[in-house]
Every structure is written in structure tokens, then in C-alpha cells.
There are 2 protein chains.
Amino acid sequence: MISVTLIGAGNVATHFYKAFRKAEETKVLQWYNRSLKSLQMHKNEVEITSDISTLKKADIYIICVSDDAVAEVSQQLPFKNRLVVHTSGSVNIHDLDKKNHRGVFYPLQTFSKEAEIDFSQVPICIEVLEKSTFPILKELAEIIGSKVHRINGDQRSALHLAAVFVNNFTNQLYRIAHEVTEEQSTDFNILKPLILETARKIETLSPYLAQTGPAKRNDKKTIKKHLSLLNNEMHKKVYELLTKSIQETHGKKL
Amino acid sequence: MISVTLIGAGNVATHFYKAFRKAEETKVLQWYNRSLKSLQMHKNEVEITSDISTLKKADIYIICVSDDAVAEVSQQLPFKNRLVVHTSGSVNIHDLDKKNHRGVFYPLQTFSKEAEIDFSQVPICIEVLEKSTFPILKELAEIIGSKVHRINGDQRSALHLAAVFVNNFTNQLYRIAHEVTEEQSTDFNILKPLILETARKIETLSPYLAQTGPAKRNDKKTIKKHLSLLNNEMHKKVYELLTKSIQETHGKKL
């Protein structure tokens with residue numbers, strides 16, 4: 001049985017709470033947040049607290065607060081030589097106070113507050129400073145069904161950066177497509193099967209091999225037509241730059 | 001029973017051939033291609049021909065050739081007053097020779113040669129010049145399980161343009177992420193669940209509401225760190241421009 005104390009009350013903390021609570025091999029010992037308000041609804045299931053001095057001895061303390069608050073919260077912990085991890089993609093492991101054993105338990109996924117999370121679809125990237133702390137973190141991740149990847153700090157930075165490309169930036173391309181279709185009173189939903197298939201395709205094909213379209217073919221007529229259809233200057237720039245990026249990748253003359 | 005003649009031997013023609021052949025309510029009467037070579041493997045199942053003058057009377061002729069060849073092929077057809085459609089997202093319906101009834105039967109999906117296609121995941125966008133030709137095209141699409149959308153030329157242009165954003169450009173973002181992870185000897189596969197979830201998320205949430213991340217939050221520290229991690233100048237430009245694009249959409253000061 002692994003005992004866990006959660007620190008913070010945002011999306012990540014809430015999804016971990018639900019997953020740990022459901023699993024038989026873990027127990028959420030306490031759930032701390034600066035303000036009790038967002039924890040009240042769970043007060044009959046778990047010990048909630050807003051007094052950091054009351055934290056009991058748990059196997060793992062998981063800090064799920066905003067990036068800027070990780071260092072400070074870790075300093076406020078009223079104990080030492082215990083295992084403390086944060087869950088951020090971008091905060092340095094050394095930002096955690098060195099009075100405790102430090103680690104990172106980074107779930108590489110996008111979380112919505114509402115939707116139930118299937119942790120088998122949430123890879124957890126684990127970074128530790130002391131080898132001996134890895135097995136229990138690995139066990140915790142596997143208990144909730146996650147796939148574990150042991151990484152170092154540079155790898156985590158790269159993954160966090162890459163995640164911005166495949167999540168935030170991709171989502172912005174969906175947004176632009178939404179605007180483009182709405183301008184012609186066309187239903188954005190028509191594009192959804194294509195959006196899903198584009199994501200699915202790279203399950204079996206590298207993005208390099210999966211590429212098609214006017215940019216890769218250097219089909220100047222279609223590119224010109226598309227640019228003439230875009231009224232929004234920013235969208236035009238995005239079209240031009242990603243066309244260039246594709247052509248650079250695929251070795252076409254720019 | 002709808003009789004169909006296919007013209008062309010590329011991915012789209014091949015996938016339509018398989019779907020029509022499987023369906024009981026359609027018959028592929030003939031399959032024409034300039035060269036017989038790529039049709040040979042089907043010669044025992046269907047009448048194949050490379051002589052356009054031998055085309056028999058079918059209910060619908062479907063031209064699945066490259067965009068640039070559509071007009072010419074339609075002119076070469078040795079008959080008139082029959083229903084002829086092309087399958088391109090970008091070729092004008094008027095590029096089809098007006099001696100026949102003209103239409104567009106545009107499957108809005110990405111096709112790989114190898115993978116079997118499930119046409120229930122392929123919306124078919126139908127454009128016609130004469131209202132009377134719509135029902136049979138709709139029926140044909142529905143027979144193979146596709147959802148039908150009746151659109152006009154401007155809407156098709158918008159969809160084709162939007163498809164470049166959600167398919168080609170999105171795939172290029174996957175490619176950049178692939179390069180970013182490989183530079184740190186990190187497994188690109190770790191990102192695949194996030195890629196899928198990003199696509200799935202907009203099934204229930206608009207891309208506007210689904211947006212998260214440093215650009216939307218205007219988290220300058222993370223943005224600066226990410227830019228410093230990018231060695232490739234083109235990737236840096238893509239990061240900067242899509243960050244700006246997100247901030248313009250979400251009304252942050254640039």
C-alpha cells in the first residue's frame with residue numbers, strides 16, 4: 001500500500017486524487033490546499049487540510065500547484081528526508097527544496113476538469129535525483145494504469161516543448177480551420193473525421209512519411225489560391241510559414 | 001443498383017473501387033486508366049480498359065485523376081448528357097466539360113494506399129449544378145456508409161483550405177515535435193496519447209475553449225525557455241508565430 005499526500009487542488013491534483021482513490025494499492029492520506037474551499041466536496045472521503053504544519057508521514061508527497069509556486073510550497077513543507085515530487089513539465093527538479101528526496105512525476109497529457117481520465121492513456125515521465133526513489137514512483141504510476149518513462153531533465157524539457165507543438169499549436173490550427181469554415185457558413189464538424197485520422201495515421205507512419213498536400217508537392221497554383229482565400233493576415237502568415245516548413249523538411253526549393 | 005465507372009487508378013479511385021465492389025447496391029461497370037498496368041490486378045473482378053472510347057453507359061462516371069488532368073479527361077469522354085463527377089477538393093466544377101451533367105463527389109479524408117478505409121469516417125461533400133443530379137450521388141455515398149454534406153463551390157474551397165491546416169500543417173507540427181524529441185534522444189511515441197487526446201478533445205469542446213498552455217496564459221518565462229531550446233531557426237519561427245496567433249485569438253497583448 002502506497003500512501004500519498006496531494007498538494008494543490010487543480011485539474012492534475014483532482015485527476016490523481018480520483019485515480020489513487022479508486023486503486024486498491026494506494027491510499028490518499030491527506031489532501032492539502034492553501035484554501036479549503038475547492039476541497040470541501042471531498043471532505044467525507046479524505047482528510048483535507050489547509051494547514052501545512054499538519055501534514056502526516058506519507059510515502060510520497062505530490063505537489064500539483066502552478067509552476068511558479070512549486071519552489072515555495074516545497075520550502076514550506078514541515079519535514080525532511082521524505083519523497084517529494086512535482087508534476088510540472090517545465091519546473092527544474094532542483095527547484096524543489098533539497099531537504100527532501102526530490103522527483104518529478106509528470107503526466108504528459110491534456111486534462112479537462114470535467115472529463116474522466118483514463119490513465120492508461122496518460123504516460124507518466126519520471127525524473128529522480130536518487131536512483132533508489134525511482135521504483136516506488138514507477139509502482140505508483142503503474143498502479144493507476146499509466147505507462148512509465150524514465151527521463152532526465154533535458155528530455156523532460158524537450159517533451160514539454162514538443163507537447164506545445166502537438167497540443168497547443170495543433171489546437172490553434174483547428175481554431176484557424178474553424179474560422180475558415182465559418183466564414184463560408186460551412187460546418188466545422190465535417191473536418192472532425194479528418195482531424196482524428198490525421199492523429200491516428202502517425203500511430204503507424206512517421207509524420208515525415210505521413211505528409212501529403214500542396215506544400216509537399218510544391219503545388220504553387222493551389223498554394224496561391226489558398227492564400228487568396230485567407231482574409232486574416234495572421235492566418236495567411238501561418239499558412240506561408242508552415243508551407244515553408246514542410247518544404248524545408250521535404251527538401252523542396254523554397 | 002447504381003452503376004459506376006471509375007476513371008483513374010490512384011488512392012481515391014482504389015478506395016472507391018473497393019467500397020463500391022463490396023456494396024450490394026452498386027456495380028463498378030468499368031475501370032478506366034490511361035495505363036492498364038495499375039489495374040491489372042483487378043482484371044478478373046471488373047472490366048478494365050485504357051481505351052476511353054470503349055466506355056459504356058453508366059449511371060455515374062467518377063473522375064479520380066490529379067487536379068491538373070480533370071478538365072482534359074472530362075473533355076475526352078466520348079458521350080454527353082451523362083452524370084460526370086470529379087473528386088477533388090480544389091478543382092472548379094466548371095472545369096468539367098459541360099457536354100455532361102457535372103458534379104463533385106469530394107471525400108474529405110486522408111487516404112493511405114495500404115490501409116483499409118472505413119467510409120463511415122469519410123464525409124462526402126457533394127456539389128452539383130443541377131438539383132436533379134443530387135439524389136443519386138447522395139444515395140451512392142450513403143450506400144458505402146458515408147455521411148453526405150451538400151455544399152457549394154465556395155464552401156468546398158473553404159473546406160479544402162481548412163483541411164490543409166488540420167491535416168498537412170498539423171502533421172508538420174507532429175514532425176517538428178518528432179525532431180525536438182529526437183534531439184534529446186527521447187521517444188516520440190510518448191507524445192502519441194497526447195496527440196490523440198488533442199484531436200479527440202474537440203469532439204466535445206470548440207478549439208477556442210480547448211486551448212491551454214503558455215501562449216494562452218502569456219507565460220513569458222516558459223515561452224522564452226522554449227525558444228532557447230529550439231536550435232532550428234524555422235522551428236523557432238513557427239513557435240513564435242503560432243504563439244502570436246494564439247494570443248491574437250485569445251485577446252492577449254502581443
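As the structure is a computational prediction, the values presented were derived from the model and not from experiment. All values below were derived from every heavy atom in this structure, side-chain atoms included, with hydrogens, water molecules and symmetry-related copies excluded.
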When heavy-atom pairs shorter than 4.5 Å are enumerated against chain B, which of [options] gives the highest number?
options: A:K221, A:E179, A:R200, A:E203; value: A:E203
options: A:L196, A:N168, A:L159, A:L241; value: A:N168
options: A:N232, A:D154, A:L229; value: A:D154
options: A:T181, A:N152, A:D68, A:I202; value: A:I202

Let me confirm one number: the [atom1]-[atom2] distance from [X] to [Y], rounded to the nearest 0.5 Å.
X: B:Q172; Y: A:T170; atom1: CD; atom2: OG1; answer: 11.0 Å
X: B:M234; Y: A:I246; atom1: CE; atom2: CD1; answer: 10.5 Å
X: B:R175; Y: A:H250; atom1: CZ; atom2: NE2; answer: 7.0 Å
X: B:L242; Y: A:K237; atom1: CG; atom2: NZ; answer: 12.5 Å
X: B:N167; Y: A:L194; atom1: CG; atom2: CG; answer: 4.5 Å

Under the side-chain contact (heavy atoms from CB on, under 4.5 Å) rule, what do A:V238 and B:F165 come out as? Steps first, then yes or no, please. CA-CA 9 Å; A:V238 170; B:F165 279 92; 3.9 Å; yes
Side chains of B:K225 and A:S157: donor-acceptor distance under 3.5 Å anywhere?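 Looking only at side-chain atoms, A:S157 and B:K225 do form a donor-acceptor pair, the distance falling under 3.5 Å.
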I'd like to verify something: which residue of [options] has the highest number of heavy-atom pairs under 4.5 Å with chain A?
options: B:N189, B:I151, B:T212, B:D67; answer: B:T212
options: B:H235, B:E197, B:E183; answer: B:E197
options: B:T204, B:L230, B:D219, B:V122; answer: B:L230
options: B:D187, B:L173, B:V164; answer: B:L173

Hey, are the side chains of A:H160 and B:H226 touching, using non-hydrogen atoms and a 4.5 Å cut-off?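 Of all side-chain heavy-atom pairs linking B:H226 with A:H160, at least one is under 4.5 Å.
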In terms of heavy-atom proximity below 4.5 Å to chain B, should [X] be classed as side chain, backbone, both, or neither?
X: A:Y239; answer: both
X: A:H178; answer: side chain
X: A:I190; answer: both
X: A:V166; answer: both
X: A:K147; answer: neither

Proximity breakdown for B:H149 and chain A, heavy-atom pairs closer than 4.5 Å: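 The side chain, not the backbone.
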B:Q211 (side chain) donor-acceptor with A:N171 (main chain) under 3.5 angstrom: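 Side chain of B:Q211 to backbone of A:N171, a donor-acceptor pair under 3.5 Å: no, none is there.
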Determine the minimum heavy-atom distance between [X] and [Y], stating which atoms define it.
X: A:S90; Y: B:T222; answer: OG-OG1, 4.4 Å
X: A:V180; Y: B:A158; answer: CG1-O, 3.5 Å
X: A:Q109; Y: B:P193; answer: NE2-O, 3.2 Å
X: B:I195; Y: A:A199; answer: CG2-CB, 3.8 Å

Is it the case that more than 12 heavy atoms not belonging to B:E72 sit under 6.0 Å from its CD atom?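 Result for CD/B:E72: open.
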